[in-house]
Amino acid sequence: MGTIVPMAQDEARWRVAATAEQVSFLRREVTAFAQRMGVTAQRLGDVRLAVSEAATNAVIHAYRDRDPGEIRVDARVREDGTLTIVVEDDGFGPLPRPDSPGLGLGLPTIASVADAVELSAGTAAGARLSMHFATGGG
């Protein structure tokens with residue numbers, strides 16, 4: 001099971017193995033956090049889908065050709081009320097993958113439900129995906 005790191009009331013952090021079994025754990029935990037932070041029911045579905053897609057991307061793409069590493073997720077409500085969720089791994093990074101086993105719909109799906117998305121290199125290596133959601137009906 002994943003690790004929940006204690007944080008302030010308006011932020012949370014999880015660290016899990018980059019395995020398919022952990023995707024549902026992250027989806028459930030991050031969605032529950034968003035609900036506690038007052039995210040509306042409609043937006044909870046968006047958060048759930050985006051986290052699921054982001055974690056699945058890390059499982060499928062980040063650690064190909066080597067043992068699974070870790071997925072780190074940070075969630076916090078910013079001063080302006082925006083929920084920011086960052087999914088980070090230490091895998092291969094945000095590079096195009098012509099041999100992708102997926103359909104290539106993960107990032108476009110995330111972009112369609114989040115208010116803003118930023119993909120960059122991770123802090124040490126790998127990829128860092130930041131997703132922003134208005135906590136109201138927005």
Side-chain angles (χ1 to χ4, degrees):
M1 194 52 65
T3 301
I4 302 171
V5 180
M7 304 289 288
Q9 182 177 341
D10 62 350
E11 56 187 320
R13 180 174 294 150
W14 300 268
R15 299 171 77 96
V16 300
T19 62
E21 297 78 22
Q22 295 300 322
V23 173
S24 63
F25 170 79
L26 287 173
R27 180 176 50 239
R28 184 175 54 252
E29 291 292 321
V30 177
T31 301
F33 170 80
Q35 186 173 28
R36 287 192 306 274
M37 296 299 104
V39 174
T40 64
Q42 177 182 348
R43 294 310 316 250
L44 286 175
D46 295 341
V47 168
R48 184 179 301 111
L49 177 59
V51 168
S52 185
E53 290 292 334
T56 298
N57 275 351
V59 168
I60 292 173
H61 300 293
Y63 301 103
R64 65 186 181 272
D65 301 329
R66 61 180 175 169
D67 290 335
E70 183 177 74
I71 301 171
R72 294 176 302 283
V73 178
D74 290 309
R76 70 186 65 228
V77 177
R78 299 186 324 202
E79 287 183 22
D80 67 0
T82 300
L83 172 65
T84 297
I85 301 168
V86 177
V87 178
E88 191 169 16
D89 63 64
D90 296 323
F92 284 99
L95 302 172
R97 185 175 176 192
D99 68 334
S100 176
L103 298 175
L105 300 177
L107 289 175
T109 297
I110 293 167
S112 74
V113 298
D115 295 312
V117 177
E118 302 154 14
L119 178 63
S120 60
T123 53
R128 176 183 173 90
L129 179 64
S130 299
M131 305 172 287
H132 308 280
F133 300 87
T135 55

Is a donor from one side chain sitting under 3.5 angstrom from an acceptor on the other, for H132 and T84?
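Per modelled atom types, H132 and T84 side chains form a pair under 3.5 Å.
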Please check if any side-chain donor atom of Q42 sits under 3.5 Å from a side-chain acceptor atom of T40, or the reverse.
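The criterion, which ignores hydrogens and geometry beyond distance, is not satisfied for T40 and Q42.
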Are any of the side-chain nitrogens in D74 or R128 under 4.0 Å away from the carboxylate oxygens of its partner?
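No, this pair does not count.
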Less than 4.5 Å apart, side chain to side chain, heavy atoms only: is that true for [X] and [Y]?
X: M37; Y: D10; value: yes
X: V51; Y: V87; value: no
X: S130; Y: V117; value: no
X: V47; Y: Q35; value: no

Looking at every non-hydrogen atom in both residues, tell me the closest pair between [X] and [Y] and how far apart they are.
X: I110; Y: A54; answer: CD1-N, 3.7 Å
X: A18; Y: P68; answer: O-CB, 3.4 Å
X: Q9; Y: F33; answer: O-CE1, 4.1 Å
X: D115; Y: A134; answer: OD2-N, 2.6 Å
X: R27; Y: S52; answer: NH1-OG, 2.8 Å
X: L83; Y: A75; answer: CD1-CB, 4.5 Å

Kindly compute the distance separating OG (S24) from CD (E29), expressed to the nearest 0.5 Å.
10.0 Å
Report the distance from atom OG1 of T109 to atom CG of D46, rounding to the nearest 0.5 Å.
11.5 Å
Test log, rule side chain to side chain contact (heavy atoms under 4.5 Å, CB included), inputs M131 and L129:
CA-CA 7 Å; M131 305 172 287; L129 179 64; 4.1 Å; yes
Without swapping roles, check the side chain of T56 against the backbone of E53 for a donor-acceptor pair under 3.5 Å.
no
Between the side chain of T135 and the main-chain N/O of G81, is any donor-acceptor distance below 3.5 Å?
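The answer is yes, because a donor-acceptor pair under 3.5 Å joins these two groups.
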Please lay out, stage by stage, how R72 and D90 fare under the test salt bridge (Lys or Arg N to Asp or Glu O under 4.0 Å).
CA-CA 9 Å; R72 294 176 302 283; D90 296 323; 3.0 Å; yes
In one Ile/Leu/Val/Met/Phe/Trp/Tyr side-chain cluster, 4.5 Å: [X], [Y]:
X: L49; Y: F133; value: no
X: V86; Y: L26; value: no
X: V113; Y: L107; value: no
X: V73; Y: L119; value: yes

As a quick check of understanding, evaluate salt bridge (Lys or Arg N to Asp or Glu O under 4.0 Å) for E11 and R13, giving each step before the final call.
CA-CA 7 Å; E11 56 187 320; R13 180 174 294 150; 5.3 Å; no
Please identify each residue that fulfils salt bridge (Lys or Arg N to Asp or Glu O under 4.0 Å) with D67, with sequence neighbours left out.
none
